[in-house]
Amino acid sequence: MSLEVGLRHRQGAFALDLAFDSPGGLVALFGPSGSGKTTVVRAIAGLLRAEQARIVVDGQVLVDSAARVFLPPHRRRIGYVFQEPRLLPHLSVRQNLDYGGWFAPRGARVSAAEFARLVELLDIGPLLSRHPGRLSGGERQRVAIGRALLSSPQLLLMDEPLSQIDENRKNEILPYIERMRDEVRVPIVYVSHALDEVVRLAGRLVCIQDGRLLACGPTGEVLTRTDLPMFAQRADAGAVLEARVLAHDEAYALSRLACAGGELWVPRLPAPPGGTVRLWVRAQDVMLALELPQGISALNHLQGEVLALGDSGLGTVMVRLDCGGTPLLARVTRLSAERLRLRVGLRLQALIKSVSFPLAGAAAGAL
Amino acid sequence: MSLEVGLRHRQGAFALDLAFDSPGGLVALFGPSGSGKTTVVRAIAGLLRAEQARIVVDGQVLVDSAARVFLPPHRRRIGYVFQEPRLLPHLSVRQNLDYGGWFAPRGARVSAAEFARLVELLDIGPLLSRHPGRLSGGERQRVAIGRALLSSPQLLLMDEPLSQIDENRKNEILPYIERMRDEVRVPIVYVSHALDEVVRLAGRLVCIQDGRLLACGPTGEVLTRTDLPMFAQRADAGAVLEARVLAHDEAYALSRLACAGGELWVPRLPAPPGGTVRLWVRAQDVMLALELPQGISALNHLQGEVLALGDSGLGTVMVRLDCGGTPLLARVTRLSAERLRLRVGLRLQALIKSVSFPLAGAAAGAL
Amino acid sequence: MFHLSVEEWTALALSLRVAGVAVLASLPFAVAAAWVLSRTRFVGQAIFDGAIHLPLTLPPVVTGYLLLLTFGRQGVAGHFLAEHLGIVFSFRWTGAALAAAVMGFPLMVRSIRLSLDGVDTRLEEAAATLGARPLAVFVTVTLPLIGPGILSGMVLGFARAMGEFGATITFVSNIPGETQTLASAIYTYTQVPGADAQALRLTLVAIAVSMTALIASEWLARLGRKRAVGT
Amino acid sequence: MFHLSVEEWTALALSLRVAGVAVLASLPFAVAAAWVLSRTRFVGQAIFDGAIHLPLTLPPVVTGYLLLLTFGRQGVAGHFLAEHLGIVFSFRWTGAALAAAVMGFPLMVRSIRLSLDGVDTRLEEAAATLGARPLAVFVTVTLPLIGPGILSGMVLGFARAMGEFGATITFVSNIPGETQTLASAIYTYTQVPGADAQALRLTLVAIAVSMTALIASEWLARLGRKRAVGT
Amino acid sequence: EDKPVVVFAAASLKEALDEVGAQWQKEQHGQVAISYAASNTLARQIEQGAPADLFLSANLEWLQYLSVRNLTRKDSERNLLRNRLVLIAQKASRLKLLIAPDFPLAKALGDGRLALCNPAVPAGIYGKQALSALNVWDSVSARTAQADNVRAALLLVSRGEAPLGIVYSTDAAADPAVRVLDTFPEDTHEPIVYPLALTAASTHPQARSLYDYIVSAKARAIFVKHGFTVITDAAH
Ligand SMILES: Nc1ncnc2c1ncn2[C@@H]1O[C@H](COP(=O)(O)OP(=O)(O)OP(=O)(O)O)[C@@H](O)[C@H]1O
Ligand SMILES: Nc1ncnc2c1ncn2[C@@H]1O[C@H](COP(=O)(O)OP(=O)(O)OP(=O)(O)O)[C@@H](O)[C@H]1O
Ligand code: MOO
Ligand SMILES: [Mg+2]
Ligand SMILES: [Mg+2]
């Protein structure tokens with residue numbers, strides 16, 4: 001399930017020159033518009049023949065320009081959700097969905113039940129007999145996702161697949177992608193501008209800027225790097241906590257976790273007790289208190305020590321905490337920081353509401 | 001600046017039948033994929049001749065099927081950002097941007113300074129001599145936005161214009177749209193799935209489902225309606241507070257506001273003292289406490305009374321509060337709710353971190 | 001007025017057969033030639049392109065002569081085909097079909113190529129990522145997308161085949177029942193004083209046939225278009 | 001071998017003039033006809049379409065006769081045009097150009113129409129929303145987008161005009177210096193026993209001319225394509 | 001500007017008439033333009049007002065066609081040339097065949113075809129007449145390959161597509177790849193006559209001069225050189 005990518009390519013005024021790897025799972029490509037994400041994905045798909053390239057998936061060399069190896073796209077068994085839908089206009093939605101199956105090896109074809117399940121999930125049942133020209137923008141995008149997922153890929157490439165999908169449907173589709181990642185164990189390359197998707201899905205994060213690698217590493221590590229303005233300035237900057245699932249409380253639909261800094265209650269996670277999960281805690285969701293308040297709705301409080309204070313724009317201060325080994329970021333107004341007299345070494349309580357945890361993937365397998 | 005839309009139209013199995021109006025400013029169309037948003041926008045643009053239609057902008061009747069009035073698209077002076085970029089492939093980016101100017105009345109053409117400013121803002125300067133076929137997805141979308149804005153429109157139609165734009169650029173483009181809304185006073189119809197954009201921009205919110213009107217009204221009112229699962233189930237459900245700007249604290253980059261429930265500190269707003277602003281407070285950002293805690297970083301606390309308690313899925317409870325006339329929503333886990341013994345009539349403190357306020361538009365003019 | 005003699009019925013039937021066979025038999029070659037011109041670059045491509053257009057550029061009689069020299073009994077290709085494949089063109093309706101095919105070929109290639117140039121290669125890319133090999137991509141994506149061009153080319157080829165007589169008469173002569181097509185028959189009438197009425201009659205028949213073919217093609221095209229609207 | 005007589009030079013020059021004028025003068029009409037066929041629906045459209053294809057379907061000689069009857073000095077249209085506009089076709093090079101234009105017309109219309117059918121109307125919509133009136137949309141969007149089809153149609157029309165003699169010779173005869181084109185000259189040589197060498201010589205000239213035109217058109221097409229890649 | 005005298009002439013006259021025209025041009029310093037096409041085409045064009053001064057048809061019928069419509073100067077009509085019909089084979093052919101009533105033409109053809117002109121053009125009419133008169137038409141009528149013109153029929157024989165063919169003697173003489181087997185007796189078909197006339201619409205001052213030259217002894221020598229028989233008496 002590993003992925004290794006090295007590319008060097010020029011197109012027009014743009015030069016791509018980067019290398020990254022991933023032990024498997026879902027790797028997110030993140031970077032501003034025009035930074036080269038699609039170009040990388042096209043190279044992995046074999047649609048772009050980069051000047052110099054080496055791409056290895058799961059030990060199989062797809063491209064090695066030095067050794068003159070270049071596997072053509074149709075032999076790579078990929079499912080590619082393009083940035084624009086690219087549905088085949090002369091085929092019905094059903095035929096578009098079936099298309100990949102026509103060419104998949106017999107054993108690998110998707111079952112009728114799986115087809116029905118995905119159609120249900122994507123809510124495209126009523127569209128099956130229509131042609132793509134008669135769909136709305138979001139409908140097209142959903143069909144494109146379905147088409148890629150139904151081609152029994154051994155590698156999934158998704159270029160901003162959820163950009164025009166509404167929130168509710170997004171929340172139905174994301175678990176399916178997680179299942180592909182964890183159960184079907186398909187390596188996935190995922191391009192997105194939405195940090196919540198990235199955090200939830202990606203074990204590994206690759207940041208690109210101007211065709212060059214800015215950072216590459218486990219999602220949590222990369223996101224908490226304060227030297228990347230790409231993240232630090234964002235409203236949803238934060239830290240990733242690793243925690244172990246202790247138990248589930250089905251009655252309250254909560255899970256009890258243990259991280260280095262203490263125990264946490266979070267909305268019910270799909271991970272089994274004993275499994276490891278990654279949780280994204282946005283800096284703006286962390287409240288700091290000098291003493292533990294009583295009678296408060298926030299279920300979680302971790303005791304921590306201020307490691308560093310940094311300006312994070314717009315009159316706010318980014319506070320780096322160490323909660324018994326667990327790193328945490330908190331963003332407070334400068335006014336609050338002064339009122340609480342925050343300084344390095346101060347010990348305090350970090351309060352986090354359970355409901356403020358974005359649903360993080362059960363990522364034991366993906367790390 | 002007013003807008004009045006009434007439509008009845010069938011396309012395939014889909015039936016559109018709705019009417020809404022807006023006193024002006026920016027009206028957001030919100031609804032799941034396939035609900036008919038694009039169809040409505042196309043009808044306003046004159047690209048779709050609905051079976052029955054009446055569309056009036058600013059007193060000018062664009063369409064009135066009863067009176068057999070139908071102003072062709074080219075005479076409507078619209079700027080339309082399509083859901084897909086639709087750039088003219090045979091023209092360079094610069095020519096695409098200039099295109100609208102070729103047909104605008106002499107006096108209405110955009111000045112060179114304005115052109116340069118927008119190009120700078122959209123960061124498309126280096127692309128000007130390129131053809132659309134050689135742009136990345138996000139670059140195309142930015143050019144499409146520029147093209148619409150530069151056509152000196154008297155009505156702006158934007159169909160998910162920021163869907164593929166990264167966070168940082170989005171934060172640069174949004175103020176420009178606000179300026180169009182408030183200073184140039186162009187009525188805008190804006191389609192988006194992103195609630196933060198809608199809240200920030202829209203004075204009026206129109207919710208569509210299956211071609212029918214679900215709700216239409218001031219954004220704050222519509223969003224706090226708990227009978228609309230479209231919003232209540234969302235992770236970012238919340239309430240809109242209306243408040244008056246008391247003063248700005250430049251040193252701390254904060255603004256002090258007064259709402260019916262008390263005073264609030266929020267990140268510096270662009271509105272003048274005395275102006276009215278709308279603030280979006282996500283239910284998940286509101287912490288409830290039985291007593292006012294001390295030594296805590298949250299700057300804001302409003303005293304309130306529980307009006308209602310409702311299940312909001314995933315083991316959470318949505319608490320409707322009345323804070324001295326200001327409605328507020330808070331989402332807490334059911335466990336917390338029980339621990340705090342929340343019940344209708346209970347008086348408590350709502351704590352809101354300043355930094356958790358999404359930047360809300362200074363919307364005095366837009367309401 | 002529309003009472004046709006047996007010979008004229010034969011000429012009409014022959015014309016239809018010749019035009020139909022010419023179009024259908026040359027179609028694969030036309031598609032292949034169009035593909036080569038649209039999708040590949042090689043030295044001498046201009047010459048290849050030019051050669052395809054020759055039958056259009058040259059007076060039909062010259063084309064007929066060249067066909068006779070090449071595909072006649074004594075011609076290199078004609079000899080070879082007769083010996084090894086048993087295909088004989090000279091003074092046969094097959095020769096008329098060959099002449100019609102050659103004359104219509106540039107028209108078919110042009111139309112198909114025009115469509116091929118307009119195909120959005122991103123769709124072909126999408127098909128390739130879904131596992132379709134180049135040939136499968138061609139058959140399942142490219143071919144359906146160039147349907148209008150193929151249809152248009154077939155209409156042109158068919159019409160040209162119906163009207164062609166210069167090359168035909170030169171190549172395979174004008175043998176009633178074997179190589180005398182409607183066009184040859186009309187031509188013959190125009191050569192005789194006082195046969196204007198007959199010529200007109202056959203001309204109207206030719207018009208009726210082409211009109212029918214045209215309407216059928218439009219209907220087919222509309223059928224295809226109805227299915228595929230936009231991407 | 002390539003020494004041309006004065007008369008042959010004249011024929012070559014005339015052919016170029018005739019083909020050039022035929023293509024350029026009929027282009028606007030071809031574009032208009034293609035537009036009508038592609039974008040409008042009206043009763044009798046099939047008949048209009050059929051009429052355009054007639055010169056392709058009918059033996060050229062018949063087309064020539066019809067032209068002679070219509071645009072000759074005694075013909076209705078010929079008389080009218082001569083009287084009111086001073087345009088005389090009969091037995092002038094202008095008549096040869098008219099014949100070439102008529103013969104090439106269906107080819108041009110088809111190509112342009114094929115392109116027109118393929119134009120993404122969403123782009124035209126976009127232009128309209130930006131304030132372009134239908135005519136402006138057509139000139140600034142549609143026309144550039146159908147460039148390849150227009151070019152292709154012009155190539156076909158030009159080639160056809162170069163090769164056409166059947167209708168020309170029937171309509172305006174074969175008068176050296178006035179209506180004798182290269183194709184007519186070649187035809188005349190092919191009628192005479194022992195003139196093969198002359199016929200071949202002129203044929204090669206014709207091929208050279210068409211080849212040049214073809215290469216020029218490919219070059220133009222590539223220029224256009226280079227600018228516009230995808231949407 | 002010198003407008004040329006325009007001659008409309010049957011295509012088969014090209015070589016001979018080009019030479020005559022060139023001579024006249026040299027001697028009389030006039031300009032001549034000759035339009036060669038099928039006689040029927042030319043006749044119809046003259047009917048439609050073509051600017052022809054002289055018409056030289058390949059048969060009497062099409063001159064007649066104009067004459068009855070008063071489009072020729074009756075006094076200028078004359079039969080100028082005569083041609084013969086011959087039976088030809090490829091040069092290399094071993095065939096020997098003499099023309100006589102009931103001669104074994106069908107047998108000589110074997111499984112081949114007889115190249116002939118279309119009965120719409122004069123050469124085809126004369127050929128059919130001759131074969132009928134000799135009583136062999138019925139046996140070969142289904143075995144003919146009817147070419148568009150004499151030249152095409154000739155080509156079919158010279159290329160070996162057809163073993164035998166019937167063409168004008170002038171044409172056979174011009175093609176070194178064919179051999180004349182025999183000449184048809186003149187009484188088996190209508191006389192093959194090329195008539196000449198000035199058109200009624202001719203206004204060119206030098207038209208008469210060219211007409212006179214064409215019927216002169218100088219021209220006669222040229223026609224004879226190309227295999228025609230010149231009819232000296234102004235018969236009609
Ligand atoms: N050309 C068409 N013919 C028939 N039905 C169509 C056509 N275009 C769209 N529809 C249908 O009309 C409905 C409304 O489409 P519309 O494009 O307005 O949706 P939308 O709200 O913009 O969705 P999205 O968010 O996915 O863009 C959908 O159900 C769609 O399937
Ligand atoms: N066909 C092309 N020719 C030349 N340059 C191109 C071409 N396509 C893209 N580029 C340029 O290459 C760079 C990388 O493009 P790419 O599509 O990979 O960006 P991206 O990261 O996917 O951006 P986005 O988020 O906007 O989709 C951009 O600067 C773009 O302008
Ligand atoms: O131009 Mo022709 O005259 O087809 O035979
Ligand atoms: Mg991209
Ligand atoms: Mg839409």
Side-chain angles (χ1 to χ4, degrees), chain A residues 38 41-42 44-48 71-93 95-105 108-109 129-137 140 143-144 146-159, chain C residues 27 31 34-36 38-42 111-155 217-231:
Chain A
T38 300
V41 176
R42 282 174 58 79
I44 299 176
L47 299 177
L48 177 90
L71 203 68
H74 65 274
R75 291 182 46 209
R76 299 192 181 188
R77 305 252 345 251
I78 42 185
Y80 188 165
V81 182
F82 294 88
Q83 199 168 358
E84 70 279 2
R86 292 205 197 185
L87 300 178
L88 300 174
H90 56 294
L91 300 181
S92 69
V93 167
Q95 289 168 321
N96 267 284
L97 293 174
D98 285 343
Y99 192 88
W102 300 349
F103 307 103
R109 291 203 194 132
S129 62
R130 267 200 244 163
H131 278 252
R134 304 204 176 281
L135 300 182
S136 80
R140 273 178 219 164
V143 174
R147 182 174 71 170
L149 294 176
L150 286 169
S151 67
S152 330
Q154 293 186 329
L155 172 63
L156 251 179
L157 306 173
M158 308 184 91
D159 199 347
Chain C
L27 186 58
V31 171
W35 191 86
V36 165
S38 173
R39 295 296 173 85
T40 66
R41 292 286 162 265
F42 58 90
S111 271
I112 297 170
R113 180 177 168 193
L114 189 57
S115 269
L116 214 40
D117 284 343
V119 165
D120 187 347
T121 51
R122 292 177 303 176
L123 297 175
E124 296 173 330
E125 286 184 355
T129 66
L130 288 162
R133 281 184 294 159
L135 185 67
V137 171
F138 184 76
V139 173
T140 60
V141 179
T142 318
L143 220 44
L145 291 179
I146 61 173
I150 291 180
L151 201 61
S152 184
M154 287 174 74
V155 168
S217 82
E218 288 293 324
W219 179 79
L220 267 176
R222 207 158 300 170
L223 205 78
R225 218 172 311 142
K226 199 179 284 172
R227 293 195 334 188
V229 189
T231 318

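Residue numbers begin at 1 in each chain, while the letters A, B, ... track the order of the sequences.
Residue pairs meeting the salt bridge (charged side-chain N to carboxylate O under 4.0 Å, His left out) criterion with at least one member in residues 129-155 of chain C, sequence neighbours excluded, do not occur.
A side chain to side chain contact (heavy atoms under 4.5 Å, CB included) with Pro153(A) is found for one member of Leu149(A), Leu156(A), Leu157(A), Leu155(A) and no other, namely Leu156(A).
A donor-acceptor pair under 3.5 Å is formed between the side chain of Arg76(A) and the backbone N or O of Leu71(A). Between the side chain of Arg147(A) and the backbone N or O of Asn96(A) there is no donor-acceptor pair closer than 3.5 Å.
Scored by the side-chain contact (heavy atoms from CB on, under 4.5 Å) test, Thr38(A) finds Arg42(A), Tyr80(A), Gln83(A), Asp159(A) as partners (sequence neighbours excluded). When the ring-ring contact (aromatic ring centres under 6.0 Å, His included) test is applied to Trp102(A), the partners found at least two apart in sequence or on another chain are Tyr99(A).
Of residues 139-151 of chain C, those residues lying under 4.5 Å from chain A by any heavy-atom pair are Thr140(C), Val141(C), Pro144(C), Leu145(C).
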